[in-house]
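Reviewing the structure listed below.
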Amino acid sequence: MLVSAAALVLASGAFTAYTWLTFRAAMVEQLSVQARIIAFNSASALLFNDPVSAQKTLGALGASPSIVDAAIYDNGGGVFARYWRGRKSLIKAFPQISKSQTEAHWYTHGELSLARRIEPQGKPLGVVLIRCELGELTTRLEGYAAITAAVLAACLGAAVLISAGVHRSVSVPVIRLAETARLVSRDKNYSLRAAATGSRDELDFLIQSFNGMLEEIQQRDASLQKAHDELERRVEERTGLLHAANKELEAFSYSVSHDLRAPLRHISGFSKILAEENRDQLNADGRHYLARIEEGARNMGRLVDDLLSMGRISRQEVVRRPADLNLLWQEAWERLQPEFEGRKIEWRIGALPAAECDPGLIKLVFTNLLSNAVKYTRRRECAVIEAGQITVDGEDVIFVRDNGAGFDQKYAHKLFGVFQRLHREEDFEGAGVGLATVQRIIHKHGGRIWAEGKVECGAAFFFTLVPRKPSRPKPANSVSS
Amino acid sequence: MTRSTFPFRSLLGISAVLVLSISAVLAHASSPNEYDVKAAYLYNFGLFVQWPAAPEPDAAFTICVFGVDPFGKVLDRTLAGQSIGSQSTIPRRISNPQDALGCRILFVSSSEENNVKQFLSSLGKTAVLTVSDMPQFLDRGGMIQFMVVNNRVRFEVNLAAARRAGLTLSSQLVKLAVTVETSLPPEK
Ligand SMILES: Nc1ncnc2c1ncn2[C@@H]1O[C@H](COP(=O)(O)OP(=O)(O)O)[C@@H](O)[C@H]1O
Ligand SMILES: [Mg+2]
């Protein structure tokens with residue numbers, strides 16, 4: 001804006017100056033032509049000493065209103081003839097023209113004077129002097145200046161209007177668009193829209209496209225959210241159903257287990273009475289069968305007990321408090337001691353941490369894992385049982401490892417199901433409820449449990465007691481249940 | 001042009017007037033003779049006439065006086081060192097009308113007034129500019145006639161006579177003439 005105004009002012013200044021110079025040059029040229037004509041036409045008058053004729057010749061200058069006065073001087077310097085307009089001519093002095101010049105001009109306060117030698121065929125006869133006022137030039141120049149100023153003002157006005165128009169129709173919408181884009185990216189609010197310009201130009205098209213893009217994003221967001229919500233809802237629904245089914249199943253199995261106890265007691269009670277009171281009436285086979293019945297009843301009692309305890313644990317709330325895991329391990333170990341009395345076992349027990357947990361339940365975990373380790377190393381000449389803590393990807397992981405019968409890693413995930421067993425009853429007795437109970441306890445703590453094993457090369461069980469931090473990526477090497 | 005103060009200017013004016021009046025008085029004493037002026041004019045006429053091409057380019061431009069010479073040495077002085085075009089001017093006095101053929105300008109002296117008519121018609125269409133100060137010179141077939149008006153030497157011209165001789169007088173000259181005759185005198 002400022003630059004264009006300066007340029008305009010400069011241009012008009014240059015134009016005016018150029019006009020002024022051009023006009024002056026034109027004025028001089030015009031005067032020179034007139035002087036030539038006068039010189040030509042007055043030569044004879046000078047030669048024949050006829051001032052009246054010379055006067056007539058000068059009188060022709062009356063056609064030029066700007067010429068103030070004129071004179072013809074003879075060679076002696078005297079005024080031969082003169083012409084003036086309006087006031088009396090002031091011409092007195094003989095104009096000074098240097099020898100080499102035939103013509104000279106000069107400016108004096110608002111007047112231009114031009115002198116020219118009269119010398120036809122090289123014979124000097126005199127000098128003609130013409131004076132004209134520059135009033136016309138000044139008037140014309142003023143006219144030009146006025147026009148230039150008007151043009152300048154008009155141009156500036158137009159420039160201001162145009163720039164204001166550009167500002168209104170381009171800058172403002174662009175700034176608004178940028179502001180909207182900034183807000184959208186800052187607040188992630190895709191419901192914002194850039195204001196339309198109302199005109200049907202590229203800018204409006206840009207704004208429409210931008211808004212269209214926002215619309216698209218918003219729609220996708222909405223449908224994504226909808227799909228997500230739907231999924232969530234379905235998961236919740238299924239989970240709810242699952243929970244309900246689980247609860248039902250547990251309640252059912254609990255009541256069944258509970259109800260099984262009475263008839264079971266009858267079976268074992270009466271088979272005992274039978275064995276004691278009617279022993280003599282029975283032959284060897286009968287006594288054998290009776291013993292099998294008693295054993296079956298005992299197993300079944302244990303199974304019922306396990307199921308009942310698992311049901312109890314399922315319903316039990318986890319009450320966390322600070323506990324020393326070394327102590328819990330110790331207590332579990334002492335309780336199971338009768339089971340491995342007399343066996344040769346190498347214990348490698350590392351330091352276990354203190355943890356916020358339900359001590360009773362965690363002791364049950366240790367009891368179960370330790371009992372399995374002892375059971376499945378039974379055939380080992382030299383059993384090795386380890387326990388300790390390791391750190392995997394920043395997580396505290398507690399493990400129990402043995403060098404016993406092991407299992408096929410393919411079925412590692414199956415171990416934790418109720419009644420799921422990888423060994424035959426004849427090889428290793430058991431009901432398949434222990435690890436299921438352990439998994440429930442760990443899950444109730446928010447932890448995870450998994451197993452690693454190899455047939456005849458031992459097994460290892462790992463668990464954590466706190467939920468994994470969500471930001472942490474799932475480690476590739478760890479096996480989750 | 002330098003600007004001078006007012007008193008200085010008026011002083012200059014007064015002194016100029018004084019000088020002019022003194023010189024006028026002096027000039028009257030040795031005032032240029034009427035024939036000094038006429039001699040100069042004779043030469044000047046040569047500048048304002050379109051001459052037919054000279055037979056020989058470097059021949060002299062001859063200004064002749066026919067009859068009793070009223071100029072004397074003045075004419076010789078006036079023409080000395082002068083030229084018209086590329087031709088240098090020389091004076092010549094003739095007494096025989098036949099000699100007029102070699103002249104460019106011919107001044108006919110008043111002494112020849114009685115037989116001027118025959119003389120002029122004998123020139124025929126010869127390209128000679130005839131000048132005289134005798135009365136009725138134009139009426140008798142002459143081209144330029146001197147006269148004195150208000151103490152100034154002026155002249156009259158007869159364009160028809162000049163044209164018959166194949167001469168064209170410049171408008172610059174014609175405009176200075178007191179009267180301009182455009183017809184030939186009737187033949188008698
Ligand atoms: N330490 C171990 N070594 C090898 N196999 C094991 C070990 N612990 C558990 N198992 C396998 O997991 C199955 C389930 O264990 P569990 O639920 O405790 O049942 P149970 O001990 O009553 O058989 C076992 O039948 C066995 O096949
Ligand atoms: Mg077990």
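Because only heavy atoms are used, hydrogens play no part in the values below, and waters and symmetry mates are left out as well, while side chains stay in.
Annotation for B:L47 and A:L47: closest pair CD1-CD1, 3.7 Å, computed over non-hydrogen atoms. Taking both residues in full, the closest heavy atoms of A:N49 and B:R154 are given as O-NH1, 3.5 Å, listed atom of the first, atom of the second, then distance. Between A:A43 and B:F48 the shortest heavy-atom distance is C-CZ, 4.4 Å.
Other residues, nucleotides and ligands place no more than 12 heavy atoms under 6.0 Å from the CH2 atom of A:W20. Residue A:Y107 places its OH atom among more than 12 non-hydrogen atoms of other residues, nucleotides or ligands, all under 6.0 Å distant. Around atom CG of B:N151, no more than 12 heavy atoms belonging to other residues, nucleotides or ligands sit under 6.0 Å away.
A salt bridge is absent between B:R152 and A:D50; no separation between the charged side-chain nitrogens and carboxylate oxygens falls under 4.0 Å.
Contact of B:Y43 with chain A is made through the side chain alone, with heavy-atom distances under 4.5 Å. Using a 4.5 Å cut-off between heavy atoms, A:K56 does not touch chain B at all.
Between the side chain of B:K175 and the backbone N or O of A:N41 there is at least one donor-acceptor pair closer than 3.5 Å.
Taking the six-membered ring where the residue is Trp, B:Y41 and A:F48 present perpendicular rings, their angle passing 60° and hence far from 30°.
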